[in-house]
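Predicted model only: the values in this text are computed from it and were never measured. Index from 1, following the sequence.
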Amino acid sequence: MRAATTLALPALAALTLAVSGCVAGEGSTGEPAATAAQASTLTVDFATYNPLSLVIKDQRWLEQELEGDGVDVEWVQSAGSNKANELLRSGSADVASTAGSAALLARANGSPIKTVDVYSQPSWSALVVRGDSDITGPQDLVGKKVAATTGTDPYFFLLQALEAEGVDIADVEVVNLQHADGRTALDTEQVDAWAGLDPIMAAAEAESGDKIVHEDVDLNSYGFLNATESFLEESPELAQSVVDAYERARAWAQENPEETAEILAEVSGIDLEVATATLERTTLDLDPAPGAAQEAVLEVIGPILVDNGDVADQGQVDEALDTLFEPSLANEAAEKAGS
């Protein structure tokens, strides 16, 4: 059954517009960007939920590698998986990072993207309430307002958590807000709970005294790096350069955890302790090639997308799962990193 989803609360409407208007790469004309090979520009996203993207941007590895080839690197920010999918769908980015669930949703609904790298296995989503709330878990959400960003991992976390407790999503009022606005809605008592996302969630715990009442790493999908099919076909060498940079960043972040936390704190505008806590909930040491482990998670999420009306039928989900992964670039990058 489709979720009872409302639009952004009136008190937050202006804030939502202001946030969306100031994020780099959003509010575009919708005109597809020329391919990197044609325009000599590579457009890649960065996101606070993707620490490896922040490392690559900070270290300027892509700029240094591609400068001699006459390729400019353009960075655009994704405020959430839904925004990253918009960038890819509009052609405003060649490569962008999402949660695995969001990539499956986009592919199942016709977005021509491929997952080329798995950048993390995070426990980045959880159910959050105010410190004085009497809500203890998903079973207490009947008749309550819950902020969540539709099309992102926290939203799918919420759906799975409710289903596990036998709660019908139609009995919960899901308020569709971007992640940061969800925290604001919770702290200003405009919603009863929030399907949170790190590092905003970690900041809410430290700064507002909000508390996590339900978390489960198995209800989080992996972090996926996705590219448009046209980019992969027309600029395979550039695509490989991006994935190579991700493998370099994976090793660097594990060798330099303090510096990685400092980068995350600076970009996110959060305390270093909060950034450190966020990274402690994030596994970076994993096989970068999308495959069986990720497929197993998405096979659980797929039917929920159909039941909730986010995808028309299971056939679309199955086809998306069969065609979403492109592991060859990550395999090559891993071989280079190990050589």
Side-chain angles (χ1 to χ4, degrees), residues 44-45 47 49-50 52-53 56 78 81-82 84-89 93-122 124 151-153 156 160 217-250 282-306 310-311 313-338:
V44 188
D45 87 328
Y49 54 83
N50 177 0
L52 299 189
S53 70
I56 296 168
S78 295
S81 293
N82 59 330
N85 276 331
E86 288 176 13
L87 291 170
L88 290 167
R89 186 166 48 249
D94 301 307
V95 183
S97 46
T98 70
S101 55
L104 175 64
L105 175 64
R107 181 80 191 187
N109 284 323
S111 183
I113 62 170
K114 292 277 192 178
T115 298
V116 296
D117 186 86
V118 180
Y119 60 82
S120 71
Q121 183 184 19
W124 55 17
T152 69
D153 234 29
F156 299 119
Q160 294 177 87
V217 66
D218 292 333
L219 301 188
N220 292 262
S221 62
Y222 290 75
F224 281 15
L225 186 69
N226 310 301
T228 61
E229 289 184 344
S230 60
F231 174 67
L232 293 174
E233 292 170 1
E234 296 164 9
S235 304
E237 293 182 358
L238 284 182
Q240 187 66 61
S241 293
V242 174
V243 178
D244 289 350
Y246 263 80
E247 287 316 291
R248 183 177 180 181
R250 189 188 310 278
T282 304
T283 299
L284 299 176
D285 186 12
L286 74 167
D287 186 347
Q294 292 73 40
E295 183 175 358
V297 173
L298 297 184
E299 283 177 344
V300 175
I301 294 174
I304 297 174
L305 301 181
V306 177
D310 295 301
V311 178
D313 58 66
Q314 185 62 38
Q316 290 177 225
V317 171
D318 294 340
E319 183 177 359
L321 272 174
D322 287 341
T323 58
L324 178 61
F325 296 160
E326 177 48 73
S328 62
L329 283 77
N331 283 328
E332 181 173 338
E335 289 179 7
K336 291 177 182 177

Legend entry - Separation between CG of L87 and OG1 of T228, rounded to the nearest 0.5 Å: 11.5 Å
Inset, instruction - For the pair S111 (side chain) and A106 (backbone), establish whether a donor and an acceptor sit closer than 3.5 Å, ignoring hydrogens and angles. - result: no
Legend entry - Parallel, tilted or perpendicular, as decided by the 30° and 60° cut-offs, for the rings of Y119 and Y246: tilted
Legend entry - Separation of S101 OG from Y222 OH (nearest 0.5 Å): 13.0 Å
Inset, instruction - State which residue, out of V118, T115, V242, fulfils the side chain to side chain contact (heavy atoms under 4.5 Å, CB included) condition with L225. - result: V242
Inset, instruction - Output, in order, the C-alpha distance, side-chain angles, deciding distance and verdict of side-chain contact (heavy atoms from CB on, under 4.5 Å) for F325 and V116. - result: CA-CA 7 Å; F325 296 160; V116 296; over 6 Å; no
Inset, instruction - State, yes or no, whether a side-chain contact exists between D117 and L329 at a heavy-atom distance under 4.5 Å. - result: no
Inset, instruction - Give a yes or no answer on whether the side chain of D45 reaches the backbone of S97 with a donor-acceptor pair at less than 3.5 Å. - result: yes
Legend entry - Inter-residue atom distance R250.CZ - L286.CG, 0.5 Å rounding: 5.0 Å
Inset, instruction - Hey, could you give me the CG/CG distance between N226 and N85, rounded to the nearest 0.5 Å? - result: 7.0 Å
Legend entry - Heavy-atom closest contact (Q316 atom, A108 atom, distance): NE2-O, 2.9 Å
Inset, instruction - Verify the distance criterion only: is there a donor paired with an acceptor across the side chains of N82 and T152 at less than 3.5 Å? - result: no
Legend entry - SB check R107 D322 (cutoff 4.0 Å): no
Inset, instruction - State, to 0.1 Å, how close I113 and E229 come at their nearest heavy-atom pair, and which atoms those are. - result: N-CG, 4.3 Å
Legend entry - Check: K114 side chain, T323 main-chain N or O, donor-acceptor pair, under 3.5 Å: yes
Legend entry - Atom CD of E319: over 12 foreign heavy atoms under 6.0 Å: no
Inset, instruction - Check whether any side-chain heavy atom of V300 lies under 4.5 Å from a side-chain heavy atom of Q160, and answer yes or no. - result: yes
Legend entry - Side-chain H-bond candidate by donor/acceptor type, E335 with N331, under 3.5 Å: no
Legend entry - Value rounded to 0.5 Å, distance of CG in D94 from OG in S230: 7.5 Å
Inset, instruction - Look up atom CD in E299 and atom CD in Q294, then write down how far apart they are to the nearest 0.5 Å. - result: 11.5 Å
Inset, instruction - For S221 and W124, work out which heavy atoms get closest and say how close. - result: O-CZ2, 3.8 Å
Inset, instruction - Check A320 against L104 and note the closest heavy-atom contact, atom names and distance. - result: CB-CD1, 3.8 Å
Inset, instruction - Please lay out, stage by stage, how S235 and E237 fare under the test side chain to side chain donor-acceptor pair (under 3.5 Å). - result: CA-CA 6 Å; S235 304; E237 293 182 358; over 6 Å; no
Legend entry - Least distance between heavy atoms, A227 atom then V95 atom: CB-CG2, 4.2 Å
Inset, instruction - Go through the steps to decide whether L305 and F156 satisfy the test side-chain contact (heavy atoms from CB on, under 4.5 Å), and finish with yes or no. - result: CA-CA 8 Å; L305 301 181; F156 299 119; 2.8 Å; yes
Legend entry - Modelled atom types, side-chain donor and acceptor of D153 and S81, under 3.5 Å: no
Legend entry - Closest approach of L284 to S120 (non-hydrogen atoms, all atoms of both residues): CD2-CB, 3.9 Å
